[in-house]
Every structure is written in structure tokens, then in C-alpha cells.
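Report on the following structure.
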Amino acid sequence: MATKPKLTNIKVDYDEEGDVLYLYFGKPLAADDSYVTDEGIVIRTREQRIVGLTILNARDRLPKG
């Protein structure tokens with residue numbers, strides 16, 4: 001059975017004007033690579049580990065309210 005990742009120190013930031021949601025995992029680290037999904041989600045990585053996500057057009061992708 002796979003072990004559940006321990007997610008601590010998650011920071012969320014939202015740019016209302018640009019409608020961009022930023023999620024940072026763990027200690028802030030600069031990414032050395034990034035990938036954009038077809039859905040407009042940017043996965044930022046450092047040394048092949050995810051350090052953050054950027055969600056473009058966040059209002060359309062998140063639950064209302």
C-alpha cells in the first residue's frame with residue numbers, strides 16, 4: 001500500500017486581478033523546471049519534486065462560494 005504524503009507548511013496566495021492561484025509546498029524554493037497541463041495548471045518542480053502549483057483562471061476551476 002502506498003504511503004500518504006505528509007503535507008505541511010502549505011502556503012496559498014491569490015492574485016485577484018490576474019485570477020491566478022498559487023500553492024507553495026514546504027520551504028519556499030525556486031523551481032528549476034515547470035510543466036503546464038492542458039487545463040492551465042503549472043506544476044513547478046525542483047530536483048524532480050513538486051514545490052508548487054499555479055492555477056490559471058482559478059475562478060472558473062474552483063467551487064463557487
Side-chain angles (χ1 to χ4, degrees):
M1 183 191 303
T3 59
K4 181 178 174 182
K6 184 177 180 184
L7 297 176
T8 59
N9 195 21
I10 299 172
K11 182 179 177 191
V12 178
D13 200 7
Y14 178 65
D15 174 359
E16 189 169 343
E17 185 175 329
D19 191 22
V20 180
L21 179 69
Y22 301 96
L23 301 166
Y24 307 94
F25 306 110
K27 178 174 79 170
L29 296 172
D32 58 19
D33 207 351
S34 63
Y35 309 89
V36 181
T37 69
D38 292 339
E39 294 83 15
I41 298 173
V42 181
I43 303 169
R44 297 185 322 278
T45 62
R46 182 178 179 94
E47 298 176 0
Q48 300 180 346
R49 298 188 62 92
I50 297 173
V51 295
L53 300 174
T54 301
I55 301 173
L56 308 174
N57 303 309
R59 278 187 216 105
D60 296 337
R61 301 176 187 285
L62 297 173
K64 303 289 183 201

| remark: Output for pair (Gln48 CD, Asp32 CG), nearest 0.5 Å, gives 8.5 Å
| request: Give the cluster check for Val42 versus Leu62: same hydrophobic cluster or not, with ILVMFWY residues linked at side-chain heavy-atom distances below 4.5 Å. | output: no
| remark: Residues at least two apart in sequence or cross-chain that pass salt bridge (Lys or Arg N to Asp or Glu O under 4.0 Å) with Asp15, listed by chain then number, are none
| Is the side chain of Asp19 donor-acceptor paired with the backbone N or O of Arg59 at a distance under 3.5 Å, no angle test? | yes
| message | Rounded to the nearest 0.5 Å, what separates atom CG in Leu23 from atom CG in Leu53? | response | 5.5 Å
| In terms of hydrophobic clusters joined by side-chain contacts under 4.5 Å, are Leu29 and Ile10 together? | no
| query | Once you round to the nearest 0.5 Å, how far does CG of Asn57 lie from CG of Leu21? | reply | 11.5 Å
| Taking the hydrophobic residues Ile, Leu, Val, Met, Phe, Trp and Tyr, and joining any pair whose side-chain heavy atoms are under 4.5 Å apart, which ones share a cluster with Tyr35? | none
| query | Are the side chain of Arg44 and the backbone N or O of Val51 linked by a donor-acceptor pair below 3.5 Å? | reply | no
| task | Would you name the heavy atoms of Lys27 and Asn9 that are closest together and state the gap between them? | result | N-ND2, 3.9 Å
| request: Can you measure from CG (Asp13) to OG1 (Thr54) and round to the nearest 0.5 angstrom? | output: 10.0 Å
| query | Which distance, rounded to the nearest 0.5 Å, do you find between the CD1 of Ile43 and the CG of Asp33? | reply | 11.0 Å
| message | Donor-acceptor check, side chain of Arg61 to backbone of Glu39, threshold 3.5 angstrom: yes or no? | response | yes
| Hphob cluster co-occupancy, Tyr24 + Ile41, side-chain heavy atoms under 4.5 angstrom | no
